[in-house]
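Comments concern the structure below.
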Amino acid sequence: MSYRVALVYLERGNARGGVARVRTWRTLLDGSDVELLELPVKPTVASMFRGRSIGAAAAIARGEATPESMFWNTTRMFAHLQASRPDAVVCVTARLWSPLLLDFPLTVIDFVDHLSSSYAERSNYASNVGVRLGFRFLAGAMQRVEHSIIESPVRRVTAGWSEQEPMQSEWLPNCVSLPGDSRSAVPDHDVVFVGSLNYPPNVAAIEALAEIWPQVEADRPGTSLLIAGASPTRRVEQLCRVWNWTLQSGFGELDEVLSRASVSIAPIPFATGIQNKVLDAANRGMPQVISPAAARGVDPQFPAVIAELDEFANSLVQLLRDGYRQRQLSEAGRIAIDSRYSKDALRPVARAIVGLDS
């Protein structure tokens, strides 16, 4: 008889990080002895009105629900769970937390990232006072929820290496698989930055690039930069015009973008969880320079040049000039992905987390 695992997650097609996380669980739990029941939770207008009740507000105040829960229809999800009676429930996000999840034999809460910290950092970068206050409210509410989860008898995991201790969780990074040789094309740019271009940490990273780019130009004139990603903000478009960076807003395959540059960068000033862009670059043999914030999601031995913003330009120029170091990082990145971030490496960990092979 198959072991039944229910996978609960928010249905948000435009959230690349969330999609990657769900894909990780699908990949790692795939097997003939596992029956995977997927329960995507969708937003509904009815949920918004229903969530404005006094009871919902009280649950949020107690840390038994998040403010976002007002916008998602969880009624059908719990009805399906009660009917199917899975052996284990994996809830992919603390946003869907409810004490009702304790009714099942084994519940796994995948924090994915430290959301209260993420909201707090976003408030620091928000220029609009209303947005800033909104993020601070969400940070406080999510902190109560995270505390409630930590105090509950559930199994907890997180994607980011550095978040294991504060979240009292196990580490399960996103799973990637080595592609074919995607570095055969001759690059037409020196540097590439990839990410959703309306996501606050990525926008802040591009703002940071604008600060250091005069030094890059002074030390290595003519250095070219490709910025690729969906939904660029007006500010991103403006900075690309000012600095003559190539902007590719939307693309088909990631390989076609990464193959256009010699070095990948992630000068993200704040981040939680794990940065898929860092894994994707290493997965394709890209040497890279990343910020300490981007490095916090991966293990301490991960092969990349780590540089603070005030040293980022110098570190980038040095790597661009050092072909031997680029080849070292390229090879080490592929080895790291295969040994610590692949299906073969992570499948036993995921199976043990949900109660299989333990």
Side-chain angles (χ1 to χ4, degrees), residues 10 12 14-18 20-21 51 56-57 59-72 91-98 109-152 154 156-169 171 173-174 195-208 211 233 235-236 266-278 290-298 306 308-310:
L10 298 177
R12 299 182 300 164
N14 61 340
R16 184 169 173 263
R21 195 60 178 169
I60 292 170
R62 292 192 300 268
E64 295 177 356
T66 64
E68 293 100 317
S69 64
M70 295 190 299
F71 302 95
W72 301 90
C91 183
V92 188
T93 179
R95 291 184 175 98
L96 287 175
W97 167 249
S98 167
I109 302 297
D110 184 354
F111 287 114
V112 185
D113 59 359
H114 194 173
L115 273 173
S116 62
S117 176
S118 176
Y119 287 142
E121 290 185 318
R122 290 194 203 187
S123 73
N124 295 331
Y125 282 83
S127 56
N128 182 285
V129 175
V131 173
R132 190 180 310 132
L133 292 174
F135 277 131
R136 288 178 183 172
F137 167 74
L138 288 173
M142 184 54 68
Q143 191 172 46
R144 291 191 295 272
V145 166
E146 289 165 349
H147 178 75
S148 178
I149 294 172
I150 290 172
E151 292 295 312
S152 299
V154 297
R156 299 174 297 276
V157 300
T158 188
W161 172 273
S162 65
E163 291 165 3
Q164 295 173 83
E165 184 176 347
M167 308 305 285
Q168 298 181 33
S169 63
W171 184 53
N174 284 350
S196 298
L197 300 179
N198 60 353
Y199 182 53
N202 289 338
V203 175
I206 294 170
E207 293 269 10
E211 292 183 27
T233 64
R235 180 58 174 161
V236 169
I268 301 170
F270 66 97
T272 55
I274 195 166
Q275 294 298 304
N276 289 309
K277 60 173 63 62
V278 172
I290 65 178
S291 66
R296 283 198 293 266
V298 292
I306 303 172
E308 297 280 3
L309 185 60
D310 58 357

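In this chain, residues are counted from 1 in sequence order. This structure is a prediction, so every number in the text was calculated from the model and none was measured.
- Inter-residue side-chain proximity for L197 and T233 is flagged as unmet; no heavy-atom pair is nearer than 4.5 Å.
- Take E207 and apply the side-chain hydrogen bond (donor to acceptor under 3.5 Å, both in side chains) test, not counting sequence neighbours, and it matches R235.
- Remark: E64 engages R62 in a salt bridge (charged side-chain N to carboxylate O under 4.0 Å, His left out) (not counting sequence neighbours).
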Exercise. Apply side-chain contact (heavy atoms from CB on, under 4.5 Å) to the pair R95 and M142, showing each step before the final yes or no.
Key: CA-CA 8 Å; R95 291 184 175 98; M142 184 54 68; 4.2 Å; yes
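- A pairwise comparison of heavy atoms in W161 and V298 identifies CB-O, 3.3 Å as the closest pair.
- In terms of modelled atom types and a separation under 3.5 Å, the side chain of S291 and the main chain of A294 share a donor-acceptor contact.
- W171 contributes no side-chain N or O that, together with a main-chain N or O of V157, makes up a donor-acceptor pair within less than 3.5 Å.
- If you take CZ on R296 and NE2 on H114, they are separated by 11.5 Å, rounding to the nearest 0.5 Å.
- Checking side-chain atoms of Q168 against main-chain N and O of I150 turns up no donor-acceptor pair under 3.5 Å.
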message = Could you walk me through whether M167 and R156 satisfy the side-chain contact (heavy atoms from CB on, under 4.5 Å) test, starting with their C-alpha distance in whole Å, then the side-chain angles of each, then the deciding distance to 0.1 Å, before giving a yes or no?
response = CA-CA 8 Å; M167 308 305 285; R156 299 174 297 276; over 6 Å; no
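- Heavy-atom minimum distance, G273 versus E163: N-OE2, 2.8 Å.
- The shortest side-chain heavy-atom distance between L138 and P67 falls under the 4.5 Å cut-off.
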**Report entry** side-chain contact (heavy atoms from CB on, under 4.5 Å) between L115 and T272, intermediate numbers included
**Finding:** CA-CA 8 Å; L115 273 173; T272 55; over 6 Å; no
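- Rounding to the nearest 0.5 Å places CD1 of I206 at 10.0 Å from CD1 of I268.
- Residues that satisfy the salt bridge (charged side-chain N to carboxylate O under 4.0 Å, His left out) test with R122, not counting sequence neighbours, are absent from this structure.
- Judged purely by atom type and a 3.5 angstrom limit, S116 has no side-chain atom pairing as donor or acceptor with the backbone of Q143.
- F270 is linked by a ring pair (Phe, Tyr, Trp, His ring centres under 6.0 Å) to Y125, counting only residues two or more places apart in sequence or in another chain.
- Interatomic distance, CD1 of I109 versus OG1 of T158, reported as 12.5 Å (0.5 Å rounding).
- Taken to the nearest 0.5 Å, the CD atom of E211 stands 5.5 Å off from the CG atom of L309.
- Partners of E308 under the salt bridge (charged side-chain N to carboxylate O under 4.0 Å, His left out) rule, at least two apart in sequence or in another chain, do not exist in this structure.
- Partners of R136 according to the salt bridge (charged side-chain N to carboxylate O under 4.0 Å, His left out) rule, which considers only residues two or more places apart in sequence or in another chain, do not exist here.
- For the residue pair N174 and A20, the shortest heavy atom distance occurs at ND2-CB, 4.1 Å.
- To the nearest 0.5 Å, atom CD1 of residue I149 and atom OG of residue S98 are 10.5 Å apart.
- Between K277 and N202, some side-chain heavy-atom pair lies under the 4.5 Å cut-off.
- The minimum heavy-atom distance linking P269 with P201 is given by the pair CD-O, 4.0 Å.
- Annotation for Q164: atom CD counts as buried by contact number, over 12 foreign heavy atoms lying within 6.0 Å.
- Taking the six-membered ring for Trp and thresholds of 30 and 60 degrees, F135 and Y119 have nearly parallel ring planes, at less than 30 degrees apart.
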